[in-house]
There are 2 protein chains.
Amino acid sequence: MLSIETKRGTEWLAGAGLRPTRQRVALAELLVGDGQHRHITAESLHAAATDQTDGVSLATVYNTLKAFSEAGLIREIMVDGTKSYFDTRVDDHPHFFWEDEGHLTDAPKEQLEIASLPDAPAGTEIAKVDVVIRLRRT
Amino acid sequence: MLSIETKRGTEWLAGAGLRPTRQRVALAELLVGDGQHRHITAESLHAAATDQTDGVSLATVYNTLKAFSEAGLIREIMVDGTKSYFDTRVDDHPHFFWEDEGHLTDAPKEQLEIASLPDAPAGTEIAKVDVVIRLRRT
DNA sequence: TTGAATGCAAACGGTTTGCAGTTTC
DNA sequence: GAAACTGCAAACCGTTTGCATTCAA
């Protein structure tokens, strides 16, 4: 069908207590509408939104990504320094970063076995562990 | 003694085939002069250089960090997104990132055991594996 | 002497913000 | 109606760059 599905995205927002505005629903659909995980940047998401009938301003894309991120709906991944990347999958899992193309994909979590991890120093706890496997074309 | 030691830094530069200009030697000394590893940002290094008699312009700090990094003398660590961090220790090892203070320290490498790592996808090889343990105050 | 390195200031690029107008509840 | 959200444009801030000057070899 041609009509835009908005159910999943709306529920996703509701689960985080975020108001389902037109813009947020549109972005949420682009992010989780088909149930797949995605890696995006503000720029790529803005471009995707612009391709649709409902556009969303770049500033709102930034504000929304920040809001989603603070609500725990998405996670920011630090790989590039010049750009922010976000992942719709929020559990700890390793990433491949394709240095030549500057894009990010999930690495199979089952294939990563961490037998032991350094202890958190006194007075601190581990908030998250980022594992980024940087790839280069051979 | 009060005189500024410049031997180690000068040799360090020579080893990478970089000209030992006054500025580079000063920065190299600040980085490896005492044989200890350091985690720095352009800003912190510039501040440290300014505290000395020999100042170095901020642009030169940036250019120099880039040159050192390309020469393999230091390594850039991606943790913050808003700032670039560099490490004078260049082997693969895990880091603690103290989210509250925004600073970086080495995590004990012996305590990290990776039993298995995802395979590099066809046509690629692993350039490096970044492990960042993000800490939060309890 | 000559190519490389430096420093200043201006440019850059991704991100944030102030504020007026709009929308959700 | 009140509070939250949006969009525009301007501000921001770490970083890079153009170019004239200085320096190492």
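Here is the naming used below: chain letters follow the sequence lines, and residue numbers restart at 1 for every chain.
- When each of dG7(D), dA24(D), dT15(C) is scored by its nearest atom to the side-chain atoms of Y62(A), the top-ranked nucleotide is dT15(C).
- Distance from the side chain of N63(A) is smallest for dT17(C) among the nucleotides dT17(C), dA24(D), dT16(D).
- Taking five base pairs at each end of the helix from dT1(C)-dA25(D) to dC25(C)-dG1(D), the local helix axes there meet at an angle of 30°, rounded to 10°.
- In this structure, H93(A) and H39(A) have tilted ring planes: the angle between them lies in the 30° to 60° band.
- Among dA24(D), dT17(C), dT15(C), the nucleotide with an atom closest to any side-chain atom of S84(A) is dT15(C).
- Among the candidates D91(A), D87(A), D106(A), D92(A), the single residue satisfying the salt bridge (charged side-chain N to carboxylate O under 4.0 Å, His left out) test with R75(A) is D92(A).
- Take the nearest nucleotide of DNA chain D for G17(A) and for Y85(B): the residue whose nucleotide is more 5' is G17(A).
- Among the nucleotides dT15(D), dT16(C), dC8(C), the one closest to any side-chain atom of K66(A) is dT16(C).
- Proximity of T21(B) to the phosphate of dT6(C): a side-chain N or O atom is located under 4.0 Å from OP1 or OP2.
- Residues V61(B) and V56(B) approach most closely at CG2-CG1, 4.0 Å, considering heavy atoms.
- For H46(A) and dG13(C), the NE2 to P distance is 17 Å, given to the nearest whole Å.
- Closest approach of F96(B) to D119(A), counting heavy atoms only: CZ-O, 3.3 Å.
- Contact between the side-chain N/O atoms of T64(A) and the OP1/OP2 oxygens of dC5(D) is not found at any separation under 4.0 Å.
- There is a side-chain donor-acceptor pair under 3.5 Å between S84(A) and E76(A).
- Relative to the side chain of A59(B), the nucleotides dA9(C), dA9(D), dT15(D) differ in distance, and dA9(C) lies closest.
- The two residues P118(B) and I126(B) have their closest heavy-atom pair at O-CD1, 4.0 Å.
- A sub-4.0 Å separation between OP1 or OP2 of dT6(D) and a side-chain N or O of T60(A) is absent.
- Atom CG of L65(B) and atom P of dA5(C) are 15 Å apart (whole Å).
- The side chain of R19(B) has dA25(D) as its nearest neighbour among dA9(D), dA25(D), dA3(D).
- Side chains of T105(B) and W98(B): a donor-acceptor N/O pair is present below 3.5 angstrom, by distance only.
- In this model, the phosphate group of dT22(D) is not approached by any side-chain N or O of Q23(B) to a distance below 4.0 Å at OP1 or OP2.
- OP1 or OP2 of dG14(D) has not a single side-chain nitrogen or oxygen of T41(B) nearer than 4.0 Å.
- OP1 or OP2 of dC5(D) has at least one side-chain nitrogen or oxygen of R24(A) nearer than 4.0 Å.
- Checking dA24(D), dG14(C), dC8(D) against every side-chain atom of K83(A), the shortest atom distance belongs to dG14(C).
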